[in-house]
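Below is one structure; the comments refer to it alone.
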Amino acid sequence: MDYKNDIANRIAKITGLEAQNVYNLIEIPPQTDMGDYAFPCFALAKVLRKAPPMIAAELVNSDELKADYLSEVKNVGPYVNFYIDRGELAYSVLSQILSSGDAYGADSLGDCKTAIIEFSSPNIAKPFHVGHAFTTILGNSLARIYEKLGYNVVRMNHLGDYGTQFGKLITAYRLWGDEKALEESPIDELLRIYVKFHEEEKNNPDLTTDARANFKRLEDGCEEEVALWKKFRDMSLVVFNKLYDRMGVTFDNYNGESFYSDKIPAVVDMLREKNLLEESEGAQVVMLDEFKAPPCIILKSDGTTIYASRDLAAAIYRYNEYKFDKNIYVVGIPQALHFKQVFSVLKKAGYEWADNCEHVGFGLVKFKDGKFSTRDGNIVLLEDLLNEAVEKTYEVIVENNKNRGNELTEEEMREIAEKVGLGAVVYTYVKSGRERDIFFSWEEMLDFEGDTAPYLIYTYARTRSILRKAKASGLAPFESGDEALKVLSSEEEYQLIRTLADFPESISKAANANEPFMISRQISTCARSFNRFYNNSSILNAETEELKRARLSLCECLCNTLKSGLNLLGIDVVERM
RNA sequence: GGGUCUAUAGCUCAGUUGGAUAGAGCAACAGCCUUCUAAGCUGUGGGUCGGAGGUUCGAGUCCCCCUAGGCUCGCCA
């Protein structure tokens, strides 16, 4: 039952205000002892020409505000506070969660609309470091969130697989390439020769000329160059895919820059036909004064294309192919202006769907002391970070396993460590607002206490353990709709139920703002509420059989919520740890 | 210099269209395992919300100015 809506209707009846307006005014009090909903009377003060506290006092006495599900209606200063009957709340919230299972929070808001999410998009032949992890983790989470809300999601990996750097790689590979090393560790070898190229290039301008010629031959489709390019691309993809598999990240396609390169001329023609192209300082540009943005370069003065033209071609292709309702780019904040320009050009060219394109930016990953730079070797590979986190998790598990009667086998411990370790890393990226820079520190990444994934997974596993024990002793939770759920009315139970009830809303909020942290924050609150309850009340040794079963139901609801929420963040749960 | 974002507890961060006593986690200190997993829980200390002004019943939140910092500003992506 929608309590808020019902309360709004009742207040509307008394005051004569629009129900929708009242609904928007109703808020959730900052403290739980102030009730479940509150109606502030400030807005009525002007209309009724009375002081808000007086209005509140009068409202409270109205018969219209007497409902079965309300245990109390109280005026506090200018507010009218509504208290939902705890048993009633427990019954309605738990019934809903129990019937939804792992799907708790799912919605059909998306209505089968199509949402394209471009994310990860690493450069071929370059190492995948902790900076790339941000777009990968964020995009993966957003994809899952939109799917949960009923969207048809298309995951796109816009690979950096084209451009003059491939001319350089071809030149470098022919001079210094080591076939064996390439087979064993493609990215390392490609990076080695790429770095060497840049060193040698300083003293040998011929290399630059050769690299340009090679890229030209690649663009012209010369067999040898294309074959080499393809080889580099395929080998890099194998490496990336291993990482994606490990993280549970999937893509619907890997159409990178190379895929769109032959679609650019049509875009240039289109812009020219619409008289949008101007010559400026030798380049072909689209002026964007009316969008308060600098000109967007479409063709360089040498007539070649640039990344803006590629992104234009990609957007148009995507619209024609998918007729998307949302086209989201999960790319770092430094590219904010670039996307503003691209979207503005589309708009200027008359594509109304340009309004459905959105740049979802995120902060930089930095070191506390000094910059993050590939050149200085000041870099942490994502794989190293994951391994480190898994290893540390494993040590903790081994230690705990000794104290818990060696229930786990070596293999199980390895498997748990993998999931929890990865979860710990993923969580650090989605625990706060995406636009903030992340200061990378091993210490924080490997801290498993407090607001962390291990804490959440631990809470889940601990609860699963209780459910297993209950089952073994023939004790079953109540099912959805069982009136006995109403016995849950203690302070801790009530607090937990309230936080569980807020979970679905956190998903739609997260989607609206493209901010997964709104979900991580919610489930973190759920876990904390549960642990408080857990430490205060015994579940399997509760006073009555009925209370035991009702509390087991509460456990099950917590599990459903945590599992669903963590899944939306891209984190797996484990049954024991 | 133009654009843009940020500034909240010692540290890392929340704070919804202006609303009730500005909240979490970490760190510090003091407690809690013969009881369902202590990766847990309880308590304590810690704040002129960068600074000044303005708007109003009311400002961490909105407007203006200032200070500090990040990112960015046509032929790299």
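Order of the sequence lines fixes the chain letters, A, B, ..., with proteins taken first and strands second; residue numbering starts at 1 for each chain. The figures here come from the full heavy-atom set of this structure, side chains too, leaving out hydrogens, waters and symmetry mates.
With sequence neighbours left out, A:Asp572 forms a side-chain contact (heavy atoms from CB on, under 4.5 Å) with A:Lys419.
Residues A:Gln341 and A:Pro295 come closest through the heavy atom pair NE2-O, 3.0 Å.
The CD1-C1' distance, from A:Ile438 to B:C13, rounds to 12 Å in whole Å. Regarding A:Asp33, its CG atom lies at a distance of 11 Å from the C1' atom of B:A20, rounded to whole Å. Computed from coordinates, the A:Arg434 CZ to B:A14 C1' distance equals 16 Å when rounded to whole Å. Atom-to-atom, CE of A:Met577 to P of B:U37 comes out at 14 Å; the value is rounded to the nearest Å.
With A:Arg551 as the fixed residue, the side-chain hydrogen bond (donor to acceptor under 3.5 Å, both in side chains) test singles out one of A:Glu546, A:Glu493, A:Glu556: A:Glu493.
If you check B:C13, B:U35, B:U37 against the side chain of A:Asn541, the one that comes closest is B:U35. Nearest to the side-chain atoms of A:Ile466 among the listed nucleotides B:A20, B:C13, B:U37 stands B:U37. Checked against B:A14, B:U16, B:A20, the side chain of A:Lys509 finds its nearest nucleotide in B:U16.
Among the atoms of the strands shown, base atoms are found under 4.0 Å from some heavy atom of A:Pro29. Here A:Asn400 lies in heavy-atom contact (under 4.0 Å) with a base. Among the heavy atoms of the strands lying under 4.0 Å from A:Gly433 are primed sugar atoms or P, OP1, OP2 only; no base atom is included. At the heavy-atom level, A:Ala293 lies nowhere under 4.0 Å from the strands shown. The residue A:Ser473 sits apart from the nucleic acid: no heavy atom pair falls under 4.0 Å.
Side-chain nitrogen and oxygen atoms of A:Lys431 include none within less than 4.0 Å of the OP1 or OP2 phosphate oxygen of B:A24. Phosphate contact (OP1/OP2 of B:U37, side-chain N/O of A:Arg468, threshold under 4.0 Å): absent. Applying the 4.0 Å criterion to OP1 and OP2 of B:G40, one finds that A:Arg532 has every side-chain N and O outside that range. Phosphate contact (OP1/OP2 of B:U42, side-chain N/O of A:Asn535, threshold under 4.0 Å): absent. The side chain of A:Arg528 contributes no N or O atom lying less than 4.0 Å from OP1 or OP2 of B:A14.
With a 3.5 Å limit on both pairing distances and Watson-Crick or G-U wobble geometry required, the stems of 3 or more pairs in RNA chain B span B:1-7 with B:67-73, B:10-13 with B:23-26, B:28-32 with B:40-44.
Projected onto RNA chain B by closest heavy-atom contact, A:Ser538 and A:Phe39 fall at different nucleotides, the more 5' of which corresponds to A:Phe39.
For RNA chain B, the neighbouring residues in residues 449-464 of chain A, judged by any heavy atom under 4.0 Å, are A:Glu449, A:Gly450, A:Asp451, A:Pro454, A:Tyr455, A:Tyr458, A:Ala461, A:Arg462. Near RNA chain B, meaning a heavy atom under 4.0 Å from it, residues 511-522 of chain A has A:Phe517, A:Arg521 in order of number.
Ring-plane geometry between A:Tyr260 and A:Tyr317 is classed as perpendicular, the angle between the planes exceeding 60 degrees on a 0 to 90 degree scale with a lower cut at 30. Taking the six-membered ring where tryptophan is involved, the planes of A:Tyr162 and A:Trp229 are perpendicular, since the angle between them exceeds 60° and thus also 30°. Ring geometry, A:Phe440 versus A:Trp442: the interplanar angle exceeds 60°, so the pair is classed perpendicular (tilted spans 30 to 60°). Relative orientation of the A:Phe339 and A:Phe343 rings is tilted, given thresholds of 30° and 60° on the angle between their planes.
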Fill in: Contact pattern, 5' to 3', of nucleotides 72-77 of chain B - B, S or - by protein heavy atom under 4.0 Å
S-BBSB

With the criterion being N/O to N/O and under 3.5 Å, what pairs connect the protein with nucleotides 54-60 of chain B, and how long is each?
none

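In this structure, B:C26 is classed as anti because its glycosidic torsion departs from zero by more than 90°. Glycosidic torsion of B:G43 falls outside 90° of 0, placing the base in anti.
With A:Phe291 as the aromatic partner, A:Lys348 does not meet the cation-pi criteria of under 6.0 angstrom to the ring centre and within 45 degrees of the ring axis.
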Worksheet item: Given the rule in the salt bridge (Lys or Arg N to Asp or Glu O under 4.0 Å) test, do A:Arg464 and A:Glu575 qualify, once you have shown the distances and angles that lead to the verdict?
Response: CA-CA 6 Å; A:Arg464 295 299 295 172; A:Glu575 298 300 310; 2.8 Å; yes

